Amino acid sequence: MKKIRIGTRKSRLACIQAEMLADYIEGHCKGYQAELVKVVTTGDRILSKRLDEIGRKGLFVKELDAFLMKGQTDLSVHSLKDMPTEIVPELPVIGYW
């Protein structure tokens with residue numbers, strides 16, 4: 001059985017979205033098992049300030065991107081609202097629903 005590691009934030013919404021993908025993989029992709037890798041992001045850690053006060057892009061995705069680049073996850077699930085407007089070629093968006 002091949003394992004697919006899905007990076008996600010630890011928030012309830014993010015976990016639900018990632019679990020939906022995990023359920024799809026396990027129900028439709030024979031021989032594959034999904035594992036959620038829950039990551040705390042900068043946006044999750046800094047709760048004492050408004051997001052615009054932190055002033056950086058990618059507050060909810062950069063740590064997940066780092067996990068992908070290091071091979072610690074195979075893909076990430078994000079809410080579209082958290083995605084930066086500029087996508088780097090090394091981390092393409094390969095699907096959304």
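Residues take their numbers from the sequence shown, with the count starting at 1. Just so you know, these numbers come straight off a predicted model, no measurement behind them.
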Approximate separation, where rounding is to 0.5 Å, of [X] [atom1] and [Y] [atom2]:
{"X": "Q33", "Y": "R5", "atom1": "CD", "atom2": "CZ", "result": "12.5 Å"}
{"X": "T73", "Y": "D65", "atom1": "OG1", "atom2": "CG", "result": "9.0 Å"}
{"X": "L21", "Y": "L36", "atom1": "CG", "atom2": "CG", "result": "9.0 Å"}
{"X": "L68", "Y": "E90", "atom1": "CG", "atom2": "CD", "result": "12.0 Å"}

Testing the basics here: between [X] and [Y], what is the closest heavy-atom pair and its distance to 0.1 Å?
{"X": "S76", "Y": "H78", "result": "CB-NE2, 3.6 Å"}
{"X": "E26", "Y": "A34", "result": "OE2-N, 2.9 Å"}
{"X": "L64", "Y": "G7", "result": "CD2-C, 3.6 Å"}
{"X": "K3", "Y": "D74", "result": "O-OD2, 3.7 Å"}

Taking atom CD1 of I87 as the centre, does the number of heavy atoms from other residues, nucleotides or ligands within less than 6.0 Å exceed 12? yes

Give a yes or no on whether the backbone of D82 and the side-chain of S79 come within a donor-acceptor separation of less than 3.5 Å. no

Could you tell me whether a side-chain N or O of T8 sits under 3.5 Å from a main-chain N or O of A14, the two making a donor and an acceptor? yes

Any side-chain heavy-atom pair of [X] and [Y] under 4.5 Å:
{"X": "M69", "Y": "L91", "answer": "yes"}
{"X": "T41", "Y": "K62", "answer": "no"}
{"X": "I6", "Y": "I25", "answer": "yes"}

Answer with yes or no whether the hydrophobic clustering places Y24 together with I4; edges join I, L, V, M, F, W, Y residues whose side-chain heavy atoms lie under 4.5 Å apart. no

Take M83 and V61, measure what side-chain contact (heavy atoms from CB on, under 4.5 Å) needs, and give me the verdict at the end. CA-CA 7 Å; M83 294 294 296; V61 301; 4.3 Å; yes

Starting from the C-alpha separation in whole Å, work towards a yes-or-no answer on side-chain contact (heavy atoms from CB on, under 4.5 Å) for V37 and Q72. CA-CA 9 Å; V37 178; Q72 295 172 297; over 6 Å; no

